[in-house]
Amino acid sequence: MRILAVETSCDDTAAAVLADGVVLASIVASQDDVHHRYGGVVPELASRSHIRNMVPVIEDTLGRAHLTLDDIDGVAATYGPGLVGSLLVGLSTAKAIAFARQLPFVGVNHLEGHLLSVQIEGKTPFPYLALLVSGGHTSLYYVEDWGRYRLLGATRDDAAGEAFDKVAKTMGLGYPGGRVIDALARQGDARAIRFPRARLKAGRDGARFDFSFSGLKTAVWQHVRDHPIASESAAADIAASFQEAVVDMLLDTTFAAARSVECSQLVIAGGVAANSRLRQRVQEAAAEFGAGTSIPPLRYCTDNAAMIAVAAQRRLERGEWDTLSLNAVADLEL
Ligand code: KG4
Ligand code: ZN
């Protein structure tokens with residue numbers, strides 16, 4: 001089965017072709033240059049850029065796969081969660097192709113795509129505990145099997161990636177901030193500044209493994225206000241100290257959750273899983289814990305359509321199709 005998938009939930013316009021489980025092409029058109037000067041994604045500009053980019057990205061993807069629409073057997077698109085104006089572009093395009101070509105169509109939850117991104121190349125055995133860390137989400141899921149996900153905890157305020165982006169903005173480093181802070185932190189001393197680590201008690205709704213990053217974000221803002229950044233090395237120390245605090249908090253809660261479920265396999269997915277320090281420390285900590293780790297390659301950590309195609313594959317094969325009246329849902333839950 002050959003699947004064409006598109007993903008436009010935020011600010012990346014992505015398409016991919018999957019043939020019998022193998023990615024033939026996966027293209028992501030970034031809008032970073034559009035949003036850079038605003039220090040964050042401007043929804044209206046994101047929708048407009050998706051409209052400009054969507055068809056060329058699909059054409060390039062099919063071209064790279066040496067296929068045309070005649071060769072496609074099913075179409076998939078992200079239908080939430082995300083920015084509704086952005087979601088609508090990819091979703092409408094995919095539905096239009098399905099309608100015009102009389103092809104089966106499946107709508108995919110963006111979070112499910114991230115959780116299954118470790119299945120794109122190689123296979124990660126179920127069940128696994130997955131830390132989903134991106135610009136919009138920071139959650140822990142117990143992934144029992146394809147289509148079976150149990151939420152164990154989530155952030156109560158900012159997502160980890162959002163904290164990276166906001167701290168980068170505070171430090172005048174531009175958008176998106178994660179990659180810049182990651183690179184800058186390599187030259188810094190992670191012990192230079194002791195930023196606070198939030199430790200949340202399980203809420204009233206039972207044992208939840210929640211996160212909080214807003215206190216840390218404010219602490220960095222206050223630090224920069226009181227100690228204006230005067231040198232590259234001062235900036236590197238802030239970046240490294242902030243990053244270390246984020247990684248400490250992520251690992252603390254993840255391993256607390258790992259102790260509460262049967263867990264021999266740990267997965268990190270989402271844009272922040274591209275962070276080099278997080279990748280290094282999670283591998284070390286998991287080895288000590290006695291669990292294996294799977295982290296997708298960098299290109300499948302950040303938003304992409306290959307993960308949407310992989311998530312859609314089983315449903316397309318089994319005939320569990322969606323109708324073309326499926327709408328975008330900004331706050332879609334998993
Ligand atoms: O998964 P993603 O592409 O989009 C969402 O669904 O949100 O994640 C984007 C987020 C941004 O906040 C970006 O700053 C962060 O991932 N990010 C990183 C790194 N690369 C991307 N954060 C920390 N370190 C990185 N190397
Ligand atoms: Zn994402």
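Computation of the quantities below employed the complete heavy-atom set of this structure, encompassing side-chain atoms and omitting hydrogens, waters and symmetry-equivalent molecules. One-based numbering, in listed order, for ligands and for the atoms of each.
Of the candidates Asp165, Val28, Asp303, Asp165 brings a heavy atom nearest to atom 14 (O) of ligand 1.
Less than 4.0 angstrom separates some heavy atom of His110 from each of these atoms of ligand 1: 6 (O). When each atom of ligand 1 is checked for a heavy atom of Gly161 under 4.0 Å away, the hits are 12 (O). Each of the following atoms of ligand 1 lies closer than 4.0 Å to a heavy atom of Thr302: 3 (O).
The closest side-chain heavy-atom distance from Leu251 to Val282 is below 4.5 Å. In this structure, the side chains of Met307 and Val108 stay at 4.5 Å or more apart for every pair of heavy atoms. At a threshold of 4.5 Å between non-hydrogen side-chain atoms, the residues Leu62 and Ile72 count as touching. Counting heavy atoms from C-beta on, the side chains of Tyr175 and Asp11 come closer than 4.5 Å. The shortest distance between side-chain heavy atoms of Asp303 and Val28 does not fall below 4.5 Å.
Ring pair Phe195/His223: centre-to-centre distance below 6.0 Å.
Judged purely by distance below 3.5 Å, without hydrogens or angles, the side chains of Ser9 and His110 pair a donor atom with an acceptor atom.
Contact annotation for His114 and ligand 1: only side-chain heavy atoms (C-beta onward) come within less than 4.0 Å of the ligand.
Considering backbone and side-chain atoms alike, Pro176 places every N or O at 3.5 Å or more from each N or O of ligand 1.
Here the protein heavy atom with the shortest distance to atom 22 (N) of ligand 1 is Gly178 CA, 3.3 Å. With hydrogens left out, the protein atom closest to atom 24 (N) of ligand 1 is Asn275 ND2, 3.0 Å, a heavy atom. Scanning all protein heavy atoms for the shortest distance to atom 20 (N) of ligand 1 gives Gly271 O, 3.5 Å. When hydrogens are left out, the protein atom nearest atom 9 (C) of ligand 1 is Gly135 N, 3.7 Å; that is the closest non-hydrogen contact. Atom 26 (N) of ligand 1 has its closest protein heavy atom at Asp182 OD2, 2.9 Å.
In terms of heavy-atom proximity, Trp321 sits nearest to Arg315 at CD1-O, 3.8 Å.
Listed by first then second residue, pairs satisfying salt bridge (charged side-chain N to carboxylate O under 4.0 Å, His left out) with a partner in residues 83-110 read Asp70-Arg101, not counting sequence neighbours.
In the displayed structure, Glu232 atom CD is contacted under 6.0 Å by at most 12 heavy atoms of other residues, nucleotides or ligands.
Close to ligand 1: Gly136, with a non-hydrogen atom less than 4.0 angstrom away.
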What do the steps show when you test Arg299 against Glu121 for side chain to side chain contact (heavy atoms under 4.5 Å, CB included), and what is the final call?
CA-CA 11 Å; Arg299 65 186 178 285; Glu121 283 180 0; 2.5 Å; yes
Criterion side chain to side chain contact (heavy atoms under 4.5 Å, CB included) on Asp182 and Leu184, from CA distance to verdict
CA-CA 6 Å; Asp182 190 348; Leu184 189 59; over 6 Å; no
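Taking distances strictly below 2.8 Å, the protein N/O/S atoms close to the Zn ion (ligand 2) are His110 NE2, His114 NE2, Asp303 OD1.
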